[in-house]
Amino acid sequence: MRKPAGPPLSWALTDPSPAAFLLQLLRRARQKQRLAEAEPPDTARMPPSKKPCSGPPATLSPQRSIYFLSPREPPARLGPEFFNQPAVALAQAFLGQLADHTELRGRIVETEAYLGPDDEAAHSRGGRQTARNRGMFMKPGTLYVYIIYGMYFCMNVSSQGDGACVLLRALEPLEGLESMRQLRSSLGKGTSGRTLKDRQLCSGPSKLCQALAIDKSFDQRDLATDGAVWMEPGPPGPEPTVVAAARVGIGQAGEWTHKALRFYVQGSPFVSVVDRAAERVQP
DNA sequence: CCTAAGATTTCCT
DNA sequence: GGAAATCTTAGGA
């Protein structure tokens, strides 16, 4: 461990441009929604889908994901030669293959910066480096996914600065909303069977992990090269007003408790916690 | 080994 | 607005 040369600033801080907040998070979900009900409802990491074989209600517009194929497709993919066979043979060859093309996509609207060893609210405070938080110390763009309260996940992205990272707290869901709804209902507790509104899908650090099916297996993956999860620039457009507010749920962390290290897009209905007082103080 | 707390969410009053 | 759910991790004995 070494002292950071410069200020251990996160992307959000080094690049004050709202473009940094408009990066979109995408995840190509190769969901295990195989029609097979073969999977017993065991308590595995990845909960099985309960729906027998139906996808989302047919009333929804079809996914457009095939038009958004990423340059980083997963290597394991059936190529042209596979499809070049007679219908009967192909029909049989299809059995057992995965047939979904779901992309789960959202615009990042809320983040928090954790600055590293000096930050009393960070898992890396005091330079603590453990098996769990190793991702915080890896190269910028590395994911740090950890389990919180024994049942939820939080997703961070390592930034410049030793032990510094950015927590993703909320997304505006853009694509794959029905899949997100299903994931949130099956992964989350009860939900009382009520249908979740769009703004309830990703408005919280653990909610967005559920909606994107992010779990511990994503820990220490590289956002820049991974085949299943990545970020891309948001569309050009008017720059949103960014609010800087205190971080959420960090308890007592001395002088760090109230530092304005949480950032969100003002007016977005997809933000998890709105801070009216902080909004009045903005420049 | 044992204990306490946790970058949360959901349900109840 | 308050409390439960639920278990890993960190830190001390």
Side-chain angles (χ1 to χ4, degrees), chain A residues 1 8 10-13 25 42-47 108-137 142-159 161 163-171 173 180-181 183-220 244-264 270-275 278:
Chain A
M1 284 170 293
S10 73
W11 297 349
L13 294 180
L25 176 80
D42 59 291
T43 56
R45 263 279 90 83
M46 296 293 290
I108 299 173
V109 296
E110 182 183 352
T111 59
E112 279 179 3
Y114 288 85
L115 306 194
D118 295 336
D119 188 344
E120 285 300 315
H123 289 172
S124 52
R125 62 187 175 279
R128 291 170 173 78
Q129 187 171 357
T130 66
R132 176 177 70 147
N133 70 4
R134 174 118 206 291
M136 297 180 83
F137 294 86
T142 303
L143 292 184
Y144 167 41
V145 179
Y146 68 90
I147 303 171
I148 184 69
Y149 293 105
M151 58 178 101
Y152 298 116
F153 296 99
C154 284
M155 176 186 193
N156 304 262
V157 182
S158 172
S159 75
C165 70
V166 174
L167 170 71
L168 302 186
R169 283 197 57 93
L171 310 179
M180 291 182 186
R181 238 182 290 279
L183 284 163
R184 288 271 290 117
S185 297
S186 61
L187 294 178
K189 23 172 159 183
T191 316
S192 293
R194 275 187 296 276
T195 301
L196 291 170
K197 301 183 191 311
D198 290 357
R199 65 173 56 186
Q200 299 178 293
L201 293 177
C202 306
S203 55
S206 295
K207 292 178 183 177
L208 71 86
C209 284
Q210 287 180 347
L212 299 187
I214 296 293
D215 61 19
K216 190 73 172 169
S217 72
F218 284 79
D219 189 39
Q220 297 182 18
R247 293 175 291 186
V248 177
I250 56 175
Q252 293 309 306
E255 58 178 328
W256 292 87
T257 307
H258 299 108
K259 284 185 184 292
L261 292 173
R262 183 167 68 97
F263 307 93
Y264 66 85
F270 302 96
V271 167
S272 70
V273 179
V274 167
D275 188 331

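Proteins come first, then strands; the chains are lettered A, B, ... in the order of their sequence lines, and each starts at number 1.
- The side chain of I148(A) lies closest to dA7(B) when the candidates are dT10(B), dA7(B), dT9(C).
- A stacked arrangement is not assigned to Y152(A) and the six-membered base ring of dT8(B), the conditions of a centre distance below 5.5 Å and an interplanar angle below 30° not being jointly met.
- In this structure, CG of L167(A) is placed 14 Å from C1' of dG6(B), rounded to the nearest angstrom.
- Of the candidates dA10(C), dT9(B), dA7(B), dA7(B) carries the atom nearest the Y146(A) side chain, counting heavy atoms from C-beta on.
- In this structure, S206(A) contributes its side chain and F153(A) its backbone to a donor-acceptor pair below 3.5 Å.
- Nucleotide dG12(C) is matched to dC1(B) when pairs are restricted to Watson-Crick or G-U wobble geometry with both distances under 3.5 angstrom.
- Here the side chains of Y264(A) and D275(A) are in contact, with some heavy-atom distance below 4.5 Å.
- In this model, the phosphate group of dG11(C) is approached by a side-chain N or O of R128(A) to a distance below 4.0 Å at OP1 or OP2.
- Ranked by how close their nearest DNA chain B nucleotide is to the 5' end, I250(A) and Q200(A) are led by I250(A).
- Taking only side-chain atoms of K207(A), from C-beta outward, the nucleotide of dT10(B), dT6(C), dT8(B) with the closest atom is dT10(B).
- Dashed line: the shortest gap from a side-chain N or O of R184(A) to OP1 or OP2 of dT10(B) is under 4.0 Å.
- Checking dA10(C), dT8(C), dT10(B) against the side-chain heavy atoms of I147(A) singles out dT8(C) as nearest.
- The side-chain heavy atoms of I250(A) and Y114(A), taken from C-beta on, include a pair separated by under 4.5 Å.
- No donor-acceptor pair under 3.5 Å is formed between the side chain of Q129(A) and the backbone N or O of F137(A).
- Nearest heavy atom pair, residue R134(A) against residue Q220(A), reads CB-NE2, 3.5 Å.
- A sub-4.0 Å separation between OP1 or OP2 of dT8(C) and a side-chain N or O of K216(A) is absent.
- Among the protein residues, M155(A) comes within range of no part of the nucleic acid, since none of its heavy atoms lies under 4.0 Å from any strand.
- R247(A) comes within 4.0 angstrom of no nucleic acid atom, judged by non-hydrogen atoms across all strands.
- Within 4.0 Å of A131(A), counting heavy atoms only, lies no atom of the nucleic acid at all.
- Remark: dT9(B) base-pairs with dA4(C). Criterion, Watson-Crick or G-U wobble with two distances under 3.5 Å.
- When the nucleotides dG6(B), dA7(B), dT9(B) are ranked by their closest atom to the side chain of Y149(A), dG6(B) comes out on top.
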